[in-house]
Amino acid sequence: MKKLITTPIYYVNDIAHLGHAYTTLAADVLTRFFREQGEQVFFLTGTDEHGAKIAESAKKEGKDPKEFCDEKSELFKKTWENLNIKYDHFVRTTDEKHEKAVKKFLENLKDSIYEKEYEGLYCTGCEKFLTEKELVDGLCPDHKKEPEKIKEKNYFFKLKDYLNKVEKLIESGKLKIEPDFARKETLALLKQDLDDFSISRQKVKWGIEFPFDKNQTIYVWFEALLNYVSSIGYGTDEFNEWWDDAEIVHLLAKDILKFHTIYWPAILLAAKQKTPDKEFIHGFFTVDGQKMSKTIGNVIDPNDIVNEFGVDGARYLLLSQFPFGQDGDFKKEKFIEKYNSDLANGLGNLVARVLKLATDKKLEPEKNILDRTKQTRDNYLEYFKDFKLFEVLNEIWKLIAFCNEYIDKNKPWESENREQIISNLLYAISEIAFLIEPFLPETSEKIKKQLENNKSIILFKRMLSIT
RNA sequence: CGCGGGGUGGAGCAGUAGUAGCUCGCCUGGCUCAUAACCAGGAGGUCGUGGGUGCAAUUCCCACCCCCGCAACCA
């Protein structure tokens, strides 16, 4: 079975932070796992580069928008490289391929689009229309500015025509939304009778020209969703190969739930395309118990974690803090603690102590070891298929704990049965090296190499914690 | 009545209608192969408050209190 695994495309107005890294890393781990299982996987990520906000930011830096996007987009790529994230395609919404596909898609959506005069109160600070209810003393609550009354012609997508169908997709399980909270929230949103939404902007210049009206550009959010099809060749023959024939899996955080679980399937239905098979939504993070925010200044740059803990250290720390899908808190202090106990004292130390006792003579592993490792592998597969990355890690670390107990009980350094005991352990370690591969690809390689030449080199150096 | 998450041993979290578990820390002991690591045992909790249903509730129901996230540049 083929799989198309995607992350959202990230808005280049900001540099990559922990949230972006988390989603992208999870996608990378899943990709590596499913490949290991013999499946063909296409892993897609990228950047979202249009919109008034981008144009504004570029102007502030005295750059033209494209130049600005080139730079920011490059920073995302660099970050993924630092985290050893191997995507198959990095889409940019300023790519010619994307623009062409988007226009073509709109042509095919023509029957579900209509134009309407729209009059509203527009705040130039927010770059959006506000309702009377949102105003405080007649002013925009965020910018303390009086909004302008603007009359604008917009093109709308007939969302209402598809709401029932989307609901059916979800209820029938044809579109799986996980975890359950996200599925429930989507169904609740569907019951609120959402309105048709505008897919064009008259005021925004930095965007893709709207095919039916050259005075307008395509609304960024609408255009951004189309990256999923433009990237794999919408409008060309190769498209079907990855859209129709693959299981489509979207990974995203809960803030953009509505766009992905309702708008996106509706748009696809309207364009007579296959809808996604699964959408997995993860939660939000706090840092040291506080929300992550630029104003508070506690935004974590994933590159800093890599610098401090190494690539695999960073990869492990990001995914081992709390269950995938839930909200969670990242604590700097806990990073060091977890790094020391799990990576240095746990995995690293185990490999070192066993290799020290190893000789070239290797025997077949005994049944109890085979049974124990098989148990881990079975649970591992089961959890992985449900995207339970946190539980997968737990399972592997239980096997590491088992090995440590096994050594202490059997005292290979003084046992007559030394060779058999060590062989058993070496087998277990080779199994661990295999299991950690999706999470810790470099470490996995290092262990395999060490097993070959019986030489142990420190995998994770113990770190002093700040007291 | 905006939406959502949560209040469990020192810290961070699991969990279930019927002797309360895990990780880290702490104490004691063991071991010496290892990255001052590893193993065993232990101390430590009236499971937010007040009611209700049950033979039995931390677990179900109701009310209340408190904390946090989204709604505000940001996954």
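Just so it is clear: chains get the letters A, B, ... in the order the sequence lines come, proteins before strands, and each one is counted from 1. Computed over heavy atoms, backbone and side chain alike; hydrogens, waters and symmetry mates excluded.
A:Ile400 has its CD1 atom 14 Å from the C1' atom of B:rA34, to the nearest Å. Regarding A:Glu391, its CD atom lies at a distance of 16 Å from the P atom of B:rU23, rounded to whole Å. A:Asp14 has its CG atom 7 Å from the P atom of B:rC74, to the nearest Å. Distance A:Lys411 NZ to B:rG30 P: 12 Å, rounded to the nearest Å. Going from atom CG of A:Leu357 over to atom P of B:rU32 covers 12 Å, rounded to whole Å. Here B:rU35 presents its P atom at 15 Å from CG of A:Leu347, a figure rounded to the nearest Å. Between A:Lys455 atom NZ and B:rC33 atom P there is a gap of 22 Å when expressed in whole angstrom units. The CG-P distance, from A:Asp28 to B:rA75, rounds to 20 Å in whole Å.
Side-chain contact between A:Ile85 and A:Thr79 is absent, with no heavy atoms from C-beta onward closer than 4.5 Å. Contact annotation: the side chain of A:Trp413 approaches that of A:Ile407 to within less than 4.5 Å [non-hydrogen atoms, C-beta and beyond].
Regarding contacts with the backbone of B:rA37, every side-chain N or O of A:Arg353 stays at 4.0 angstrom or more from both OP1 and OP2. Considering only side-chain N and O atoms, A:Lys356 lies under 4.0 angstrom from the phosphate OP1 or OP2 of B:rA34.
At a threshold of 4.0 angstrom between heavy atoms, the contacts of A:Asn345 are confined to the sugar-phosphate backbone, with no base atom among them. As judged by a 4.0 angstrom heavy-atom cut-off over every strand, A:Glu185 is placed among residues making no nucleic acid contact. The residue A:Leu459 sits close to a base: some heavy atom pair falls under 4.0 Å. Using a 4.0 Å heavy-atom cutoff across all strands shown, A:Lys254 reaches no nucleic acid atom at all. Nucleic acid contact class of A:Phe181 (heavy atoms, under 4.0 Å, all strands): none.
Looking at A:Trp397, A:Phe390, A:Phe384 one by one, the single match for ring-ring contact (aromatic ring centres under 6.0 Å, His included) with A:Phe439 turns out to be A:Phe384.
Pair check for B:rA40 finds B:rU28; Watson-Crick or G-U wobble, both atom distances under 3.5 Å. Partner assigned to B:rC22 is B:rG12, using Watson-Crick or G-U wobble distances below 3.5 angstrom. In this structure B:rG69 sits in a base pair with B:rC3, meeting the Watson-Crick or G-U test at under 3.5 Å.
Taking every heavy atom of both residues into account, A:Phe157 and A:Asp196 meet most closely at O-CB, 3.1 Å.
Of the two residues contacting RNA chain B, namely A:Arg462 and A:Phe390, the nearest-nucleotide position lying further toward the 5' end is that of A:Phe390.
Here the NZ-CH2 distance, from A:Lys258 to A:Trp221, works out to 11.0 Å after rounding to the nearest 0.5 Å.
Syn is the glycosidic conformation of B:rG54, whose angle stays within 90° of 0.
Taking atom P on both B:rG18 and B:rA72, the two are 44 Å apart, rounded to the nearest angstrom. For the C1' atoms, the distance from B:rA75 to B:rU58 is 34 Å, rounded to whole Å.
Among the nucleotides B:rA75, B:rC24, B:rA40, the one closest to the side chain of A:Glu405 is B:rA40. In this structure, the nucleotide among B:rA75, B:rC39, B:rC24 sitting nearest to the side chain of A:Pro8 is B:rA75. Comparing B:rU32, B:rC74, B:rU35 against the side chain of A:His17 picks out B:rC74 as the nearest.
A:Glu414 CD: more than 12 foreign heavy atoms inside a 6.0 Å radius.
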